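Reading through the structure tokens given below for one structure.
This one's a predicted model, so the numbers in the text were calculated from it and none came from an experiment. Per chain, numbering begins at 1; letters A, B, ... match sequence-line order.
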2 protein chains.
Amino acid sequence: MGTYGQDFPSPGTGVSELFQLLRDGVPRTRAELSKATGLARSTIAARVDELMRMELISPVAEAASTGGRPPSLFALNPGARVVLGVDLGASHATIAVADLAGTILAEHTEPLDIRRGPERVLAWLVERAPSLLEQAGADRSRLAAIGIGVPGPVEHSTGQPVNPPIMPGWDRFDIPGWVQQHLQVPVLVDNDVNVMALGERSVAWPRVDHLMFVKVATGIGSGVISGGRLQRGAQGVAGDIGHVQVARGIDVPCHCGNKGCLEALASGPAIARGLRAQGIEAADGNDVVDLVKRGSIEAVQAVRQAGRDIGEVLTACVSLVNPSVIAIGGSMARVGEHLIAGVREVVYTRSMPLATEHLAIVQSSAAGRAGVIGASGLAIDRVLSPGALRELVGG
Amino acid sequence: MGTYGQDFPSPGTGVSELFQLLRDGVPRTRAELSKATGLARSTIAARVDELMRMELISPVAEAASTGGRPPSLFALNPGARVVLGVDLGASHATIAVADLAGTILAEHTEPLDIRRGPERVLAWLVERAPSLLEQAGADRSRLAAIGIGVPGPVEHSTGQPVNPPIMPGWDRFDIPGWVQQHLQVPVLVDNDVNVMALGERSVAWPRVDHLMFVKVATGIGSGVISGGRLQRGAQGVAGDIGHVQVARGIDVPCHCGNKGCLEALASGPAIARGLRAQGIEAADGNDVVDLVKRGSIEAVQAVRQAGRDIGEVLTACVSLVNPSVIAIGGSMARVGEHLIAGVREVVYTRSMPLATEHLAIVQSSAAGRAGVIGASGLAIDRVLSPGALRELVGG
């Protein structure tokens with residue numbers, strides 16, 4: 001088991017190079033592998049045997065031949081290992097077992113209050129894991145890594161939450177260390193919206209290198225993928241757009257102590273508050289969604305205005321990171337096109353043409369599963385990394 | 001000579017791995033190289049000889065020994081090759097010769113109007129190169145690559161300007177192709193502010209992975225380095241913050257067709273316009289700088305307000321990319337602390353504490369040379385890349 005977050009030098013034996021090529025799942029012959037890597041045919045044959053012995057790749061079919069025995073095709077064996085993907089929200093938790101292709105084999109969700117503190121919440125995860133692995137038909141020995149998304153800022157190098165506002169007791173708690181004491185595999189931790197951005201990308205935009213995922217729920221936050229990589233920033237709080245000031249709300253107080261924050265105007269609770277001021281009953285964001293679905297004009301108008309407020313902040317984001325996709329998720333995205341129409345209205349009016357020419361602003365495709373899919377993806381990336389393979393082969 | 005912007009597979013022979021290790025300039029023994037790469041001592045010895053024959057590395061001194069002949073130390077030979085760094089502005093051009101350590105060996109600046117069009121401007125570059133190489137004492141055969149910064153959006157994959165607003169005649173012009181016809185080396189092209197961000201980082205913040213460089217001059221733009229990499233965005237216009245709306249200027253028309261853009265309020269010409277409205281003579285940004293230096297209260301106040309406007313937009317940037325350094329450059333930065341004080345005032349008031357806890361907002365250290373240093377850096381990165389080395393060794 002490697003040190004958390006450590007970068008490894010590449011093995012240099014050709015095994016790693018070969019495996020990095022095969023991890024895309026596309027079947028290839030030994031001759032194709034030799035051509036792509038520049039390694040000798042004899043070396044390729046030996047390395048393919050080595051990876052097969054480890055069950056990381058398997059022969060998948062036979063290629064067409066020009067005569068004689070057809071050459072074998074090899075590809076990643078997705079069932080070689082499994083990972084756990086864990087999505088911890090403010091008041092619920094989801095745990096899933098996935099194979100190395102990211103296919104979810106088993107999944108379980110239940111209400112769980114993050115404020116119960118790290119040891120009780122993580123104990124739930126450790127207790128839940130064996131039965132879920134069994135349900136997925138995966139032996140405990142096949143578990144290779146765990147990815148966890150949490151609702152707060154995370155220091156990437158240590159996997160520790162840093163001053164998380166809605167996670168009392170979790171500040172600087174060593175999540176990877178605690179979990180590894182019970183389940184002896186690498187543990188990767190990241191902010192929940194970052195993880196959702198990874199999940200959304202893998203589900204709907206695998207070839208897109210510049211994507212923003214915006215979560216609109218009780219709070220508002222975003223995950224930013226630029227240049228093909230999740231961007232975490234210097235303190236791990238990149239994408240935290242909920243407290244950017246919006247012109248309309250200059251006098252609206254926010255729980256952060258400032259005024260006019262996006263979150264104080266366009267989050268679920270903020271929209272509900274606005275409706276109550278008009279005499280309409282709406283306790284929270286869920287009530288707003290219900291009102292919109294029942295056709296309340298006031299609720300539709302309020303949601304559209306929230307979309308415009310979000311669009312105002314996203315205009316600056318579009319100028320700064322120039323994404324090609326903005327996916328809107330979170331519980332408020334369930335209101336459908338009304339929210340996104342407001343976002344589009346402002347972003348397309350205010351941004352420079354070159355930045356919006358090929359920009360898609362869409363509803364999240366992964367929706368509620370973005371978190372658990374992204375957390376599994378974090379873990380899979382770790383398992384398939386050159387450093388992890390080096391450990392497996394003892395290099 | 002490689003195809004522009006192409007990615008190469010690594011050579012796989014160990015030469016490239018070794019050289020990537022040595023490119024930091026730190027001297028190492030054969031034993032240290034063997035340990036760091038995992039390659040056998042005999043392989044290391046052969047590869048070191050190979051790189052020495054190519055003059056890419058050289059013995060630099062002898063390490064302390066525990067007895068017997070002291071082991072030799074090897075490091076990158078910065079004089080092995082030279083590059084040209086070219087900074088094309090709206091009305092001036094700078095060309096420099098640099099070695100592989102980024103040291104500028106010769107430099108020349110002259111007024112040159114970018115509106116003369118690509119062929120005349122680039123012909124100037126081609127004509128200037130031989131005498132500058134001679135001045136630097138570098139044989140023509142040592143020239144290995146050229147980096148060019150231009151004042152407009154550039155498509156990274158082709159090095160072509162795309163709808164550049166102040167570069168008539170340059171839209172989709174194949175700069176690398178044209179220059180390579182005359183100087184047969186790889187040519188890398190990027191937006192001028194992106195190049196300045198690279199230059200600022202290499203001069204003042206070599207270990208910083210999250211840096212924004214903001215140019216405040218006739219226009220306002222920024223270059224964003226996140227996760228250690230320059231972020232160009234989907235269309236190459238990432239960092240283009242000049243047309244984000246600022247609350248104060250809701251009715252101020254901008255040349256882009258919108259109203260209230262940052263550039264319409266806080267650029268050099270915009271500040272000069274504001275001063276003229278108060279009856280103070282100021283034709284352009286240079287006059288504003290002179291007024292501030294002569295102690296004009298009105299000019300100081302105007303510059304400080306411009307800083308606040310820039311700070312308003314940067315607050316959103318800080319939330320989105322969470323940099324640890326914001327460096328302010330461009331001709332207006334010559335007014336000194338007044339501009340930066342305004343930026344700091346707003347950013348530190350409005351941003352979340354975690355994002356500003358370790359954030360430095362400073363004047364550019366590279367100042368007017370950021371462009372030419374960054375352009376040289378683009379070229380050096382190309383020369384020292386694994387793909388380029390593969391070409392050199394014919395791998």
Side-chain angles (χ1 to χ4, degrees), chain A residues 9-14 17 21 36-39 153 162-163 208-212 222 224 226-227 229-245 247 250 256 258 312-313 315-325 349-359 395, chain B residues 9-14 17 21 36-39 153 162-163 208-212 222 224 226-227 229-245 247 250 256 258 312-313 315-325 349-359 395:
Chain A
S10 66
T13 58
E17 199 177 352
L21 196 70
T37 58
L39 293 169
V162 182
N163 296 327
V208 166
D209 281 340
H210 304 273
L211 175 146
M212 263 189 89
S222 75
V224 181
S226 286
R229 293 178 174 202
L230 186 64
Q231 299 299 335
R232 297 177 172 96
Q235 260 67 46
V237 293
D240 194 4
I241 58 172
H243 301 278
V244 174
Q245 197 167 28
I250 210 85
C256 76
N258 259 316
E312 185 179 326
V313 174
T315 300
C317 300
V318 164
S319 299
L320 193 67
V321 304
N322 181 205
S324 49
V325 174
T349 303
R350 280 294 326 177
S351 302
M352 295 294 281
L354 200 56
T356 52
E357 194 180 345
H358 302 287
L359 172 65
Chain B
S10 66
T13 58
E17 199 177 351
L21 196 69
T37 58
L39 293 169
V162 182
N163 297 327
V208 166
D209 281 341
H210 305 273
L211 176 146
M212 261 190 89
S222 75
V224 181
S226 286
R229 292 179 173 200
L230 186 64
Q231 298 299 336
R232 297 178 172 93
Q235 259 68 46
V237 294
D240 196 3
I241 59 172
H243 301 278
V244 174
Q245 198 166 28
I250 210 86
C256 78
N258 259 317
E312 184 178 327
V313 173
T315 300
C317 300
V318 165
S319 300
L320 193 66
V321 304
N322 181 205
S324 49
V325 174
T349 305
R350 280 296 323 177
S351 301
M352 295 295 280
L354 200 56
T356 52
E357 194 181 345
H358 302 286
L359 172 65

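Using a 4.5 Å cut-off between heavy atoms, Pro153(A) touches chain B through its side chain atoms alone. Only the side chain of Cys256(B) comes within less than 4.5 Å of a heavy atom in chain A; its backbone stays farther off. Contacts between Ser324(A) and chain B at a heavy-atom distance below 4.5 Å involve backbone atoms as well as side-chain atoms. For Val224(A), the part sitting under 4.5 Å from any heavy atom of chain B is the side chain, from C-beta outward, and nothing else. Looking at Val162(A), the atoms closer than 4.5 Å to chain B (heavy atoms on both sides) sit in the backbone and in the side chain alike.
Between the side chain of Ser319(A) and the backbone N or O of Ile241(B), no donor-acceptor pair lies under 3.5 Å. Here the side chain of Asp209(B) pairs no donor or acceptor atom with the backbone of Gly227(B) at under 3.5 angstrom.
Nearest heavy-atom pair, Thr349(A) versus Asn258(B), reported as atom, atom and distance to 0.1 Å: O-ND2, 3.4 Å.
Listed by first and then second residue, the side chain to side chain donor-acceptor pair (under 3.5 Å) pairs involving residues 232-245 of chain B are His156(B)-Arg232(B), Asp190(B)-Arg232(B) (not counting sequence neighbours).
Heavy-atom pairs under 4.5 Å with chain B were tallied for Arg350(A), Glu357(A), Gln231(A), Met212(A); the largest tally goes to Arg350(A). Comparing Ala316(A), Pro353(A), Ser226(A), Gly242(A) by how many heavy-atom pairs each has under 4.5 Å with chain B, the most go to Ser226(A).
By the side-chain hydrogen bond (donor to acceptor under 3.5 Å, both in side chains) test, Asn163(A) is found to be paired with no residue, residues two or more places apart in sequence or in another chain being considered.
A distance of 12.5 Å separates OG1 in Thr315(A) from CG in Leu320(A), rounded to the nearest 0.5 Å.
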